> 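Quick one: the structure is below, and I'll ask about it shortly.
Because only heavy atoms are used, hydrogens play no part in the values below, and waters and symmetry mates are left out as well, while side chains stay in. Below, chains carry the letters A, B, ... as their sequence lines are ordered, and counting in each starts from 1. All of these numbers come straight from a predicted model, not from anything done at the bench.
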2 protein chains.
Amino acid sequence: MPKRAPATDDTVPPVSDPADEVVTAVLTASRLLVSVSARSLAAVEETLTLPQFRMLVVLESRGAMNISRLGEHLDVIPSTAMRMVDRLAAAGMLDRAPNPGNRREILITLTSTGRSTVRQATERRRTEIARIVAAMPRSQRAGLVKALQTFTDAGGEPLAHRNAGVDVGW
Amino acid sequence: MPKRAPATDDTVPPVSDPADEVVTAVLTASRLLVSVSARSLAAVEETLTLPQFRMLVVLESRGAMNISRLGEHLDVIPSTAMRMVDRLAAAGMLDRAPNPGNRREILITLTSTGRSTVRQATERRRTEIARIVAAMPRSQRAGLVKALQTFTDAGGEPLAHRNAGVDVGW
DNA sequence: TGGTTTGTATTGCATAATGCAAATATGCCT
DNA sequence: AGGCATATTTGCATTATGCAATACAAACCA
């Protein structure tokens, strides 16, 4: 089922339609990127689902944390994170350990198996992207970097407010 | 993570390490894009799940088709597509109709409700992206379009082979 | 033409992902 | 102590998915 009502946005300023061409270009590139990510993941995954992989990614990049915090990063409620941890722990990808400083929370940590799984998938994805980039004319690469950075910067603001802390994982 | 000793990875053609910087830029932009898509969807969704929405998108862009074909576009097996159709039909988003020319298959068509739902979400996503673009310096926009098109073109080949026909939906 | 093969839709069965609500254990503050 | 907020868990329900088996229909082949 769907999640909570995501703030019906009436505060949206009328956009002055800055060339549909740009939007289309972004949308198209977006599809390719998602597709590449999905494939890279599938190549390593095999036994992991996407949500499970995302959980491992969060632990790898942010370090050990409790279940509630983990759920927040994935944008799921604690009970969901709970059961995912159950399964991943059973699969040997992570461990639960009592937090010495706070007896009501437990720390979820990545096992070496879980860590290497994440590394593999990440490496794979970077390789796939690198291959695409390699197929581009050299002269275009610098432009791509600058363009994407500018785009990311422009989109960074609203992201920080409306999607704060949620790790995409892809 | 650059790829030095390719001793272990024989299936990956040696990439001339085109600056990790480029890969990072792409990866970062990718996160933003996925995030934007997720938000746009959530704003309209409310009652639809992402897989359901993707099914509607396929029908909207490719027209009526049978369950097996529909499943192929979404990369799920017929039984999964079957039950998704059950639910979406119950929700009034699509209809099943016997195919006059072939009695063993049925045609799934979008209802007007389903169609308008897709349009809304798409519109929303374009608006969000347009807003980000609008926040970019004008001088950078043309460069973004060219860079993304080049990137998409470069990635188009392998995509056509290894991910043929699967609609991302995002 | 009749039997075999292939293509489609469906249903049974099992697991994962999710959300909501409730129960229980802690931590904290007054 | 009492009360409130926080964390983990578990019960319950729905959706998404894959695999296997069933029932038909269309295509093919001898």
> Separation of Ile77(A) atom CD1 from dA7(D) atom P, in whole Å?
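These atoms are roughly 15 Å apart.
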> Can you measure Ile67(A) atom CD1 to dT18(C) atom P for me and round it to whole angstrom units?
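Checked: the CD1 to P distance equals 14 Å.
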> With salt bridge (charged side-chain N to carboxylate O under 4.0 Å, His left out) as the rule and sequence neighbours excluded, what pairs involving residues 100-109 of chain A come up?
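Found none.
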> Does the pair Leu70(B) and Val76(B) meet the rule for a side-chain contact (heavy atoms from CB on, under 4.5 Å), with working shown?
CA-CA 9 Å; Leu70(B) 193 49; Val76(B) 298; over 6 Å; no
> Would you mind reading off the distance between Asp75(A) atom CG and dA17(C) atom P, rounded to a whole angstrom?
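Roughly 16 Å, once rounded to whole Å.
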> Listed in order of residue number, which residues of residues 84-104 of chain A have a non-hydrogen atom at under 4.0 Å from DNA chain C?
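Only Met84(A), Arg87(A), Asn102(A), Arg103(A), Arg104(A) qualify.
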> Could you pull out all donor-acceptor pairs under 3.5 Å where a side-chain atom in residues 79-95 of chain B meets a protein atom, sequence neighbours excluded?
from	atom 1	to	atom 2	distance (Å)
Asp86(B)	OD1	Arg96(B)	NH1	2.6
Asp86(B)	OD1	Arg96(B)	NH2	3.2

> In whole Å, what is the span from the CD atom of Glu105(A) to the C1' atom of dG27(C)?
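Nearest whole value for this atom pair: 10 Å.
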> List for me each residue that meets side chain to side chain donor-acceptor pair (under 3.5 Å) alongside Thr150(B), sequence neighbours excluded, and say none if there are none.
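Thr150(B): side chain to side chain donor-acceptor pair (under 3.5 Å) contacts with Gln140(A).
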> Has Gln52(B) got a side-chain N or O lying under 4.0 Å from the OP1 or OP2 atom of dT15(D)?
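Result: no.
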> Does Ser79(B) put a side-chain nitrogen or oxygen below 4.0 Å from OP1 or OP2 of dG18(D)?
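No, because none of the side-chain N or O atoms of Ser79(B) sits under 4.0 Å from OP1 or OP2 of dG18(D).
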> Using whole Å, report how far CG of Leu50(A) lies from C1' of dA16(D).
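From Leu50(A) CG to dA16(D) C1': 13 Å.
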> Specify the separation, in whole Å, of atom CE of Met82(B) and atom P of dA20(D).
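Distance, rounded to whole Å: 19 Å.
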> Measure from the side chain of Pro78(A), starting at C-beta and using heavy atoms only, and say which of dG18(D), dT9(D), dA9(C) lies closest.
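So the side chain of Pro78(A) is nearest to dT9(D).
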> Using the side-chain contact (heavy atoms from CB on, under 4.5 Å) definition, which of the options Ile132(B), Val145(B), Ile129(B) pairs with Val22(A)?
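That would be Val145(B).
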> Going by an N to O cut-off under 4.0 Å, is there a salt bridge joining Glu123(A) and Arg126(A)?
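Looking at Arg126(A) together with Glu123(A), the answer is no, because their closest N to O distance does not fall below 4.0 Å.
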> Could you check whether Ser68(B) gets within reach of a base, just the sugar-phosphate, or nothing at all, counting any heavy atom under 4.0 Å?
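Sugar-phosphate contact only.
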> Taking CZ from Arg83(B) and C1' from dT11(C), how many angstroms apart are they, rounded to a whole number?
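Distance, rounded to whole Å: 6 Å.
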> Round to the nearest Å and state the distance from Glu72(A) atom CD to dT6(D) atom C1'.
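The distance from CD of Glu72(A) to C1' of dT6(D) comes to 11 Å, rounded to the nearest Å.
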> Can you list the residues that meet the salt bridge (charged side-chain N to carboxylate O under 4.0 Å, His left out) rule with Glu60(A), with sequence neighbours excluded?
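Expected list: Arg119(A).
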> Of all the choices, dA7(D), dA16(C), dT10(C), which nucleotide is nearest to the side chain of Arg69(A) once you look at every atom?
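Selected nucleotide: dA7(D).
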